[in-house]
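Numbers here are sequence positions counted from 1.
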Amino acid sequence: MPRNTIGRFLVVALAFCALALLFPSLGMARTMSDDDFFVFGRDTVLNRVVAGDVVIVSGSVDLRAPVHGDVVVLGGNLKIAPGVRVDGDVLVMGGSVAGLTSYNVGGDVYAPGAPARPPEQSGSSLPAAFTRNPAFMTLGVKLILLLFWLIVATLVTMFAGKEIRGSSLEIRAVPLQVVTLGLVGFTSFVLSAIILSYLIPYFVGIPLLVVLGAFAALAKIYGLIAVFHAVGQKLFGTQDREELLRRRVFRGDLAMVLSGLIVLGLLHLIPILGNLIWMMASVTGIGTSLSTRFGRREPWFLTARHADA
């Protein structure tokens with residue numbers, strides 16, 4: 001197998017492994033305490049009461065005693081014995097859930113086949129049709145996010161249109177390079193977040209994690225806006241100057257950004273496939289932010305210069 005093929009395979013494999021670790025590593029942004037229970041790479045039968053959180057990575061867990069914190073299972077199955085209660089949230093990715101009911105979990109549940117919570121426990125002020133139908137909730141969240149992106153994309157493009165245009169050109173010129181760099185950058189963010197969350201004392205890890213999260217958010221926001229511009233330019237743009245001058249719409253950076261945003265926003269509404277498309281757009285956005293240094297096209301580090309004779 002050629003060396004470059006092996007390298008691409010490793011990058012993609014590492015990125016997909018990082019997907020399973022992104023949300024818990026960012027959501028549980030603190031060092032594991034003595035009250036928590038953490039296991040990596042093996043199945044576990046938990047017979048004792050846990051005062052903190054339970055985190056199982058690459059393994060399954062059989063809960064036979066109460067848990068007063070959250071339960072996170074990545075790459076494994078969760079089984080809850082009858083009469084056992086979890087006071088916090090439950091997150092299961094890459095596995096199945098057994099024994100989960102709407103009454104034995106005190107917090108929110110993010111797991112395949114999770115039962116709907118009773119109205120008296122949900123505490124939601126949304127209409128009953130939304131609380132009973134997850135599809136309506138998902139659609140509402142996506143529409144709110146689309147409105148958010150419309151506002152943010154408009155403001156960023158108005159103040160940094162030149163930079164957005166340059167990053168968009170980078171995406172259209174070398175798309176494979178940008179996507180690969182995005183996968184590497186995304187994986188680096190995730191692994192760094194895990195290290196800062198669990199392996200470094202909280203008084204050092206928390207500030208660094210906040211800085212890392214802010215930088216990752218900025219990279220994603222700016223990069224996605226550049227992706228919107230690239231999509232709009234690809235679908236509605238033109239290289240013919242005379243045709244461009246005749247146009248009354250679909251001209252200018254803001255028009256390209258908003259048209260690309262609407263296209264990707266509509267695709268995002270498609271179940272499952274839309275999420276994959278948006279995820280790839282986010283990865284591409286992170287790649288273009290890193291490759292163009294937020295449109296400035298300057299090296300990230302100082303370059304060596306020869307001294308004058």
Please report the C-alpha distance between Trp149 and Leu258 in whole Å, then the side-chain angles of each, then the deciding distance to 0.1 Å, and finally whether the side chain to side chain contact (heavy atoms under 4.5 Å, CB included) criterion is met.
-> CA-CA 9 Å; Trp149 280 109; Leu258 294 182; over 6 Å; no

Student check: side-chain heavy atoms of Val86 and Asn104 closer than 4.5 Å | no

Any donor-acceptor N/O pair, Asp70 side chain to Gly88 backbone, under 3.5 Å = no

Ile225 vs Val152 side-chain heavy atoms within contact, under 4.5 Å | yes

Distance-only polar pair, side chains of Ser167 and Tyr222, donor-acceptor under 3.5 Å = yes

In terms of hydrophobic clustering (I, L, V, M, F, W, Y; side-chain heavy atoms under 4.5 Å; direct or indirect links), are Val50 and Val97 co-clustered?
-> yes

Would Val84 end up clustered with Ile56 when hydrophobic side chains under 4.5 Å apart are linked, directly or stepwise?
-> yes

For residues Val72 and Val54, determine if any side-chain heavy atom of one lies less than 4.5 Å from a side-chain heavy atom of the other.
-> no

Heavy-atom closest pair (Val178 atom, Ile171 atom, distance to 0.1 Å) is CG2-CA, 4.3 Å

Can you name the nearest heavy-atom pair linking His68 to Ala51, along with the distance?
-> CB-O, 3.5 Å

With a 4.5 Å heavy-atom cut-off, do Asp87 and Arg85 have their side chains touching?
-> yes

Would you please classify the geometry between the Trp278 ring and the His268 ring as parallel, tilted or perpendicular, with 30° and 60° separating the classes?
-> parallel

Taking the side chain as C-beta and beyond, is there a heavy-atom pair between Lys79 and Val61 under 4.5 Å?
-> no

Gly223 backbone acceptor or donor facing Ser289 side chain under 3.5 Å | yes

Calculate, to the nearest 0.5 Å, the distance between atoms OG and CG belonging to Ser282 and Leu224 respectively.
-> 4.5 Å

Side chains of Ile164 and Phe228: does their closest heavy-atom pair fall under 4.5 Å?
-> no

Write down the atom of Arg165, the atom of Arg172, and the distance for their closest heavy-atom approach.
-> O-NH2, 4.5 Å

Locate the shortest heavy-atom distance separating Ala281 from Leu264; write the atom from each residue and the value.
-> CB-CD1, 4.4 Å

Non-hydrogen atoms of Ser192 and Leu212 that approach each other most closely = CB-CD2, 3.6 Å

Tell me, do Leu78 and Leu63 make a side-chain contact under 4.5 Å, heavy atoms counted?
-> yes

Polar contact flag, side-chain donor to acceptor under 3.5 angstrom, Asp253-Thr157 = no

At what distance, to the nearest 0.5 angstrom, does CG of Leu181 lie from CD of Gln177?
-> 7.5 Å

Heavy-atom distance under 4.5 Å between the side chains of Leu100 and Val105, does that happen here?
-> yes

Inter-residue atom distance Leu183.CG - Thr187.OG1, 0.5 Å rounding | 6.5 Å

Please check if atom CD1 in Ile272 has more than 12 non-hydrogen atoms from other residues, nucleotides or ligands closer than 6.0 Å.
-> no

Of the non-hydrogen atoms in Val39 and Arg42, which two are nearest, and what is the gap between them?
-> CG1-CG, 3.5 Å

Quick one: NE2 on His229 to OG1 on Thr288, what's the gap to the nearest 0.5 Å?
-> 11.5 Å

Are Val156 and Leu147 connected in a single hydrophobic cluster, I mean Ile/Leu/Val/Met/Phe/Trp/Tyr linked by side-chain heavy atoms less than 4.5 Å apart?
-> no

Co-members of Phe159 in a cluster of I, L, V, M, F, W and Y side chains, linked at under 4.5 Å = Met158

